[in-house]
Engineer: 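My questions all concern the structure below.
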Amino acid sequence: MTGGSLGLRLSGSFGSLQQQALNGGLQPQNAYITRRSSKTSLNGSREKERFFSSTLRYLCRRKVGMLILAAFAVLAFMTGFFTVNKEDDFESYGLPFDTRNITKSYVAPWLLPGKEVIHSNSKINKVLVCDYRTGWGALFNASAVGDSSTSAAVLTNPCKGFAFPPPPPGDTRRIGPRPCPVCYIPMEQAIARMPRFPSPSPILHRLSYFSEENPSKTEANGGSDFGGYPSLKQRNDSFNIKESMTVHCGFVKGCRAGYRTGFEIDMADLEVLEQFHEVIVASAIFGNYDVIQQPKNIGETARSKVPFFMFIDEETERYMKNSSVLGSDKQVGLWRIIVVHNVPYTDPRRNGKVPKLLLHRLFANTRFSIWIDGKLQLVVDPYQLLERFLWRHNATFAISRHYRRFDVFEEAEANKAGAKYDNASIDYQIEFYKKEGLTPYTTAKLPITSDVPEGCVIIREHVPITNLFSCLWFNEVDRFTSRDQLSFSTVRDKIVAQVKWSINMFLDCERRNFVIQAYHRDLLERRAQMARSRPPPPALARARTLPKKSPVRRGRDKRPGSRKRRRVTPKNRENYFI
């Protein structure tokens, strides 16, 4: 475009304005502006007219107008979005971790304004809802578990064609179950296979828990003070799976598990438990019942990133300190010792069910957990276990089946025969389940392979559906006997009947491949005491000394002179050889 053309464009516009003025189309003040003879004024007027006319022409164009409207729409949307989500963003990103826990109802019931759902006649007792919206999704650093651009060769499963070898020949010298071969992929590949996002939770997306300052028992067999005495109606309602649910799940006296709840943990340890962890391994020894076992074959990545927590009570702590096993650093090998005060039950085995079944409450910001009983020694890397029993099967809960029994009724009889619990309580629990529809296990229940787990190892991902299963399983243990094998199938079947969810029940011989089972402390001490108190064998009476007889030798071993032989002389030599 030349300068002349630009000038013609401007003069044309100016001429049209003059023509409008002559025709009386403009107001007097506009006519006055055009009649000014000053060169300066004329130039300023032309600049203003050119600016406004250009702006008007661009605004009239459809594309530019649409862009402006779109910009205003985005601005309005972002303003409303940040206004609505101001609190959530403040919680997730703007605060340090401890403060975030306070805003998410982790500390105490009285810090939960607007969360009261039930008011009793007493002013002391309050029932609240503990909101457990875990914030690990925002904290999760995907780069910590490997590069997303991992090649297909690395992600190829080397165990795809693995099959169990034929069973070994019978050995009468070894009675009982044995481990079987398990194919684990290398640790680097197992770490790379960790899911970057949590697994979907069918139907249930939000799970919260009841908290009550002074729970009261309303039924004859309604659980414990620690569990909150849920009524039968509340129990039955908890099996009605919905998108948002509130259930009893232990720790009812507070919203912060381990803080003034009857299962109390030191504040320094509690802050460690509430930190974000991708994977944790946990165990427990209560009543000084077991000897602590050190894990083996743990890779460097797991040693640096996977904490091992051992929960103990004060009785076990005293023994470990007196035997110089536990020092001031609260570290025994790989295990970080967590001392629990004011345990809720008198039975040490029942106290052990709290961390075993409610790890998701003690570790509210943890993705995956591996539970092993205190008598077990872990001999495989945690990442390899998670890949083998969870990630490879797209499962969120894995537990081994019993090596011999598949039926709950048989398990109940075995518990009675072994005096694991009083027979009346076991019979009451089984009869209760029979009225609810419990039947013996048959092949008709396939693909469910067993109704009886070997519950000493539990591998799980902490998502709402698995957390609900753990809560309801604990509530059954709290209401009935502490034998969790008896209540496992009832809780599982009630949930599976409503949602598309399953539990990976792997073989018991596979479990024996990655854990080695030791004896309980009482049995070990009993054997040692028997060995010390056993009298030495009596001295053998000296046999009467008898003259030694020379062994009878035959053939070429005969000694010269052992038998008289006829001496051959020259006189009778001829007769000798006849």
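What you are looking at is a predicted structure, and each value in this text was computed from that prediction instead of being measured.
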Engineer: Checking Pro295 now: which residues fulfil side-chain contact (heavy atoms from CB on, under 4.5 Å) with it, not counting sequence neighbours?
Structural biologist: Ile298, Phe308, Leu334, Trp335, Leu378

Engineer: Any idea how Phe474 and Phe226 line up, ring-wise: parallel (<30°), tilted (30 to 60°), or perpendicular (>60°)?
Structural biologist: perpendicular

Engineer: Grab the two heavy atoms, one from Tyr209 and one from Cys249, that are nearest each other, plus how far apart they are.
Structural biologist: CD2-CB, 3.5 Å

Engineer: Side chains of Ile312 and Ile338: closer than 4.5 Å at any heavy-atom pair?
Structural biologist: no

Engineer: Would you indicate whether the side-chain heavy atoms of Leu357 and Val477 approach each other to under 4.5 Å?
Structural biologist: yes

Engineer: Working to the nearest 0.5 Å, report the span between CD of Gln429 and OG1 of Thr490.
Structural biologist: 8.0 Å

Engineer: Is NZ or CZ of Arg350 both nearer than 6.0 Å to the six-membered ring centre of Tyr345 and within 45° of the ring axis?
Structural biologist: yes

Engineer: Check whether Arg367 reaches the backbone of His277 with its side chain - one donor and one acceptor, N or O, closer than 3.5 Å.
Structural biologist: no

Engineer: If we count only N and O atoms by modelled type, under 3.5 Å, do the side chains of Asp266 and His341 hold a donor and an acceptor together?
Structural biologist: yes

Engineer: Counting N and O atoms only, with roles assigned by atom type, does the side chain of Asp347 sit under 3.5 Å from a partner on the main chain of Arg349, one being a donor and the other an acceptor?
Structural biologist: yes

Engineer: Which heavy atom of Met187 sits nearest to which heavy atom of Gly299, and what is that distance?
Structural biologist: SD-CA, 3.6 Å

Engineer: Which value, rounded to the nearest 0.5 Å, describes the distance between Ile370 atom CD1 and Leu359 atom CG?
Structural biologist: 11.0 Å

Engineer: Is the side chain of Asn365 donor-acceptor paired with the backbone N or O of Gln275 at a distance under 3.5 Å, no angle test?
Structural biologist: no

Engineer: Would a 4.5 Å heavy-atom cut-off, applied to side chains only, mark Ile280 and Phe309 as touching?
Structural biologist: yes

Engineer: Kindly give the heavy-atom pair with the smallest separation between Pro344 and Val354, and that separation in Å.
Structural biologist: CG-CG2, 4.4 Å

Engineer: Enumerate, atom names and distances included, each donor-acceptor pair closer than 3.5 Å involving a side-chain atom of residues 449-458, sequence neighbours excluded.
Structural biologist:
from	atom 1	to	atom 2	distance (Å)
Thr449	OG1	Arg401	NH2	3.3
Ser450	OG	Val452	N	3.1
Ser450	OG	Val452	O	3.1
Asp451	OD1	Arg492	NH2	2.6
Asp451	OD2	Lys445	NZ	2.7

Engineer: Quick one: do Thr466 and Thr396 satisfy side-chain hydrogen bond (donor to acceptor under 3.5 Å, both in side chains)? Show the steps, please.
Structural biologist: CA-CA 7 Å; Thr466 59; Thr396 56; 5.3 Å; no

Engineer: Which residues satisfy the side-chain contact (heavy atoms from CB on, under 4.5 Å) test with Lys217, sequence neighbours excluded?
Structural biologist: Tyr229

Engineer: If you compare all heavy atoms of Pro215 against all heavy atoms of Lys253, which two are closest, and at what distance to 0.1 Å?
Structural biologist: CD-CE, 4.3 Å

Engineer: How long is the gap from CG on Asp381 to CD on Glu387, to the nearest 0.5 Å?
Structural biologist: 11.5 Å

Engineer: At their closest point, which heavy atom of Leu273 faces which heavy atom of Ile265, and how far apart are they?
Structural biologist: CD1-CD1, 3.8 Å

Engineer: So, for Val247 and Cys471, which heavy atoms are closest and what is the spacing to 0.1 Å?
Structural biologist: CG2-CB, 4.3 Å

Engineer: Between the main-chain N or O of Arg235 and the side-chain N or O of Arg479, is there a donor-acceptor pair closer than 3.5 Å?
Structural biologist: no

Engineer: Working to the nearest 0.5 Å, report the span between NZ of Lys494 and OG of Ser489.
Structural biologist: 10.5 Å

Engineer: Would you indicate whether the side-chain heavy atoms of Met310 and Ile285 approach each other to under 4.5 Å?
Structural biologist: yes

Engineer: With heavy-atom distances below 4.5 Å as the criterion, would you say the side chains of Cys180 and Asn513 are in contact?
Structural biologist: no

Engineer: Any side chain to side chain donor-acceptor pair (under 3.5 Å) involving residues 292-304? Give me the pairs, sequence neighbours left out, ordered by first then second residue.
Structural biologist: none

Engineer: For the residue pair Phe263 and Phe251, does the interplanar ring angle fall in the parallel (under 30°), tilted (30 to 60°) or perpendicular (over 60°) class?
Structural biologist: perpendicular

Engineer: Are any of the side-chain nitrogens in Glu317 or Lys321 under 4.0 Å away from the carboxylate oxygens of its partner?
Structural biologist: yes

Engineer: Checking side-chain hydrogen bond (donor to acceptor under 3.5 Å, both in side chains) for the pair Asp478/His248: CA distance, chi angles, key distance, verdict?
Structural biologist: CA-CA 11 Å; Asp478 186 55; His248 287 83; over 6 Å; no

Engineer: I'd like to know if the side chain of Ser211 and the backbone of Val252 have a donor-acceptor N/O pair within less than 3.5 Å.
Structural biologist: yes

Engineer: Does any non-hydrogen side-chain atom of Lys330 lie less than 4.5 Å from one of Arg336?
Structural biologist: yes

Engineer: Can a donor-acceptor pair be found, under 3.5 Å and without considering hydrogens, that links the side chain of Trp371 to the backbone of Ser283?
Structural biologist: no

Engineer: Report yes if the distance between the aromatic ring centroids of Phe368 and Trp391 is under 6.0 Å, otherwise no.
Structural biologist: yes

Engineer: Take Arg483 and Glu411, measure what salt bridge (charged side-chain N to carboxylate O under 4.0 Å, His left out) needs, and give me the verdict at the end.
Structural biologist: CA-CA 10 Å; Arg483 308 304 299 171; Glu411 178 67 20; 5.2 Å; no

Engineer: Please test Asn467 against Ser470 for side-chain hydrogen bond (donor to acceptor under 3.5 Å, both in side chains), starting from the C-alpha separation and ending with a verdict.
Structural biologist: CA-CA 5 Å; Asn467 295 344; Ser470 300; 5.6 Å; no

Engineer: Could you pull out all residues at least two apart from Val499 that satisfy side-chain contact (heavy atoms from CB on, under 4.5 Å)?
Structural biologist: Pro202, Ile203, Ile241, Ile465, Ile495, Trp501

Engineer: Where does the angle between the aromatic ring planes of Phe389 and Phe514 fall among parallel (under 30°), tilted (30 to 60°) and perpendicular (over 60°)?
Structural biologist: tilted

Engineer: Mind checking whether Val279 and Leu386 have side chains closer than 4.5 Å, heavy atoms only?
Structural biologist: yes

Engineer: How are the rings of Phe469 and Phe397 set to each other: parallel, tilted or perpendicular (split at 30° and 60°)?
Structural biologist: perpendicular

Engineer: Taking atom types as modelled and ignoring hydrogens, do the side chains of Thr481 and Ser425 form a donor-acceptor contact shorter than 3.5 angstrom?
Structural biologist: no

Engineer: Apply side chain to side chain contact (heavy atoms under 4.5 Å, CB included) to Leu326 and Gln331, showing your working.
Structural biologist: CA-CA 7 Å; Leu326 180 62; Gln331 197 77 24; over 6 Å; no

Engineer: Tell me if a side-chain donor or acceptor on Ser369 pairs with a main-chain N or O of His360 at a distance below 3.5 Å.
Structural biologist: no

Engineer: Report the distance from atom CZ of Arg361 to atom OG1 of Thr261, rounding to the nearest 0.5 Å.
Structural biologist: 8.0 Å

Engineer: Please list, chain by chain and in numerical order, all residues satisfying side-chain contact (heavy atoms from CB on, under 4.5 Å) with His205, sequence neighbours excluded.
Structural biologist: Glu243

Engineer: With a 4.5 Å limit on heavy-atom distance, are the side chains of Ile185 and Arg392 in contact?
Structural biologist: yes

